Amino acid sequence: GAFYNDAMKVFASSDSEEAYIVAKSTFEKITNYEPAKEKAEECSARAKNCVYLNAYKILSESKDKEQLKHAMHEFERIGDFKDSIQKINQCEKRLKQIECEEKDVIFQEALRIKEANLDDIVSIRKAITMLQSISEREDARNQIEKCEEIIDLIKEKQQEQKRLAEKKQKKKNTILIIISVIIALCIILLIVLKVLNHITILSGGTYFALVLCLIVVLIAMLAMVLFN
């Protein structure tokens with residue numbers, strides 16, 4: 001009797017899962033007494049009910065995946081108590097919905113990056129990485145293939161631009177060599193003209209006219225190299 005009365009006091013003051021588990025343990029120590037066995041079973045049910053109420057509260061207030069996972073874990077702890085199985089299914093359904101929404105956000109952002117950076121390999125690769133994180137989706141796999149095709153096109157374009165730049169530079173180098181030769185010849189010619197002018201074969205006006213023509217030719221050649 002004394003043990004049972006003590007257990008009843010613990011039971012009466014219990015208001016949480018932990019407290020009811022303690023009360024249950026106290027009743028279970030009383031053997032060969034049916035009321036104690038019944039109270040132990042009641043403690044077990046009340047402990048589960050505490051878990052259920054807490055899980056239900058978490059589920060009702062949940063705003064993200066972590067809270068939903070927490071609620072689902074709590075319902076799983078009490079098995080098929082009340083409608084815990086239905087609540088677990090509800091949690092799973094909402095988790096899948098949130099995951100789908102998150103994947104949609106990733107997919108749309110990857111598309112935005114791709115479309116905004118069609119000439120930037122780094123950005124396209126970033127889009128590929130994002131799409132690979134949701135590669136279980138067929139549309140994501142299709143977009144990965146398109147991104148890889150874009151990268152191939154960018155590389156081909158870059159190679160063509162490099163080839164054209166090298167060709168243009170080679171042409172400029174050739175022109176510069178020719179101009180250098182012409183300048184050398186002009187210097188020699190000017191020296192010759194100066195000598196001829198000195199011995200009065202050329203008049204002063206004719207000499208300066210030739211010098212001016214040579215300067216104009218050189219300027220024209222330089223302009224052709226710079227703006228070609």
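Excluded from the calculations below are hydrogen atoms, water molecules and symmetry mates; all remaining heavy atoms, backbone and side chain alike, are included. Everything numeric here is computed off the predicted structure, so don't read it as measured data.
- Here the side chains of Arg137 and Leu131 are not in contact, with every heavy-atom distance at 4.5 Å or above.
- Checked for salt-bridge contact, Arg163 and Glu160 meet the test: a charged N lies under 4.0 Å from a carboxylate O.
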query = Could you walk me through whether Asn49 and Tyr20 pass the side-chain contact (heavy atoms from CB on, under 4.5 Å) check?
reply = CA-CA 10 Å; Asn49 192 57; Tyr20 281 116; over 6 Å; no

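- Cluster annotation: Val51 and Phe11 are assigned to distinct hydrophobic clusters (Ile/Leu/Val/Met/Phe/Trp/Tyr, side-chain heavy-atom contacts under 4.5 Å, transitive).
- Looking at Ser25, its side chain never comes within 3.5 Å of a backbone N or O of Ile21 through a donor-acceptor pair.
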inquiry  = One pair to check against side-chain contact (heavy atoms from CB on, under 4.5 Å): Lys157 and Asp119. What are the steps and the verdict?
reply    = CA-CA 9 Å; Lys157 183 178 179 181; Asp119 294 324; 4.0 Å; yes

request  = Start with the C-alpha gap between Lys126 and Asn117, add the side-chain angles, then the distance that decides, and say whether side-chain contact (heavy atoms from CB on, under 4.5 Å) holds.
outcome  = CA-CA 10 Å; Lys126 179 180 179 181; Asn117 301 277; over 6 Å; no

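- In the hydrophobic clustering of ILVMFWY residues, with side-chain heavy atoms under 4.5 Å counting as a link, Leu53 and Ile88 come out together.
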task = Verify salt bridge (charged side-chain N to carboxylate O under 4.0 Å, His left out) between Lys96 and Glu99, making sure each step is shown before the conclusion.
result = CA-CA 5 Å; Lys96 288 180 180 178; Glu99 288 174 356; over 6 Å; no

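- The CZ atom of Arg125 sits 10.5 Å away from atom CD of Glu148, with the distance rounded to the nearest 0.5 Å.
- To the nearest 0.5 Å, atom CD of residue Gln67 and atom NZ of residue Lys57 are 10.0 Å apart.
- Side-chain contact check for Ile128 versus Gln132: some heavy-atom pair is nearer than 4.5 Å.
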key: Asp80 vs Lys48, salt bridge (charged side-chain N to carboxylate O under 4.0 Å, His left out): CA-CA, chis, key distance, verdict   = CA-CA 10 Å; Asp80 60 353; Lys48 288 183 178 181; 5.8 Å; no

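- Residues Met8 and Tyr33 share a hydrophobic cluster, clusters being chains of Ile/Leu/Val/Met/Phe/Trp/Tyr side chains in contact below 4.5 Å.
- Within a 6.0 Å radius of CD in Glu138, no more than 12 heavy atoms belonging to other residues, nucleotides or ligands are found.
- Here the side chains of Arg77 and His73 are in contact, with some heavy-atom distance below 4.5 Å.
- In Lys146, the NZ atom is not crowded: 12 or fewer heavy atoms of neighbouring residues, nucleotides or ligands sit closer than 6.0 Å.
- Met72 places a side-chain heavy atom less than 4.5 Å from the side chain of Glu92.
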message = Set out, in order, the CA-CA distance, both residues' side-chain angles and the distance that settles side-chain contact (heavy atoms from CB on, under 4.5 Å) for Thr26 and Lys29, then state yes or no.
response = CA-CA 5 Å; Thr26 305; Lys29 291 178 180 177; 5.6 Å; no

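- A donor-acceptor pair is defined here as one N or O able to donate and one able to accept, closer than 3.5 Å; such a pair exists between the side chain of Asn173 and the backbone of Gln169.
- The CD atom of Glu42 sits 10.5 Å away from atom OG of Ser14, with the distance rounded to the nearest 0.5 Å.
- Under a hydrophobic-cluster definition in which Ile, Leu, Val, Met, Phe, Trp and Tyr are linked whenever side-chain heavy atoms come within less than 4.5 Å, directly or via other members, Ile121 and Leu111 are assigned to the same cluster.
- No continuous path of hydrophobic side-chain contacts links Ile58 to Tyr56 [ILVMFWY only; heavy atoms under 4.5 Å].
- With rounding to the nearest 0.5 Å, the separation of CD in Gln159 from CD in Glu156 is 7.0 Å.
- Judged by distance alone, the side chain of Tyr52 and the main-chain N or O of Ser84 form no donor-acceptor pair under 3.5 Å.
- Across all their heavy atoms, Ala40 and Glu28 have their closest contact at CB-CG, 3.9 Å.
- Considering CG of Leu118 and CD1 of Ile151, their distance stands at 11.5 Å, rounded to 0.5 Å.
- Ile124 CD1 to Ile144 CD1: the interatomic distance, rounded to the nearest 0.5 Å, is 12.5 Å.
- When the shell of 6.0 Å around NZ of Lys82 is examined, it contains more than 12 heavy atoms from other residues, nucleotides or ligands.
- Cation-pi geometry between Lys39 and Phe27 is not satisfied (NZ or CZ under 6.0 Å from the ring centre, within 45° of the ring normal).
- Within a 6.0 Å radius of NZ in Lys114, other residues, nucleotides and ligands contribute more than 12 heavy atoms.
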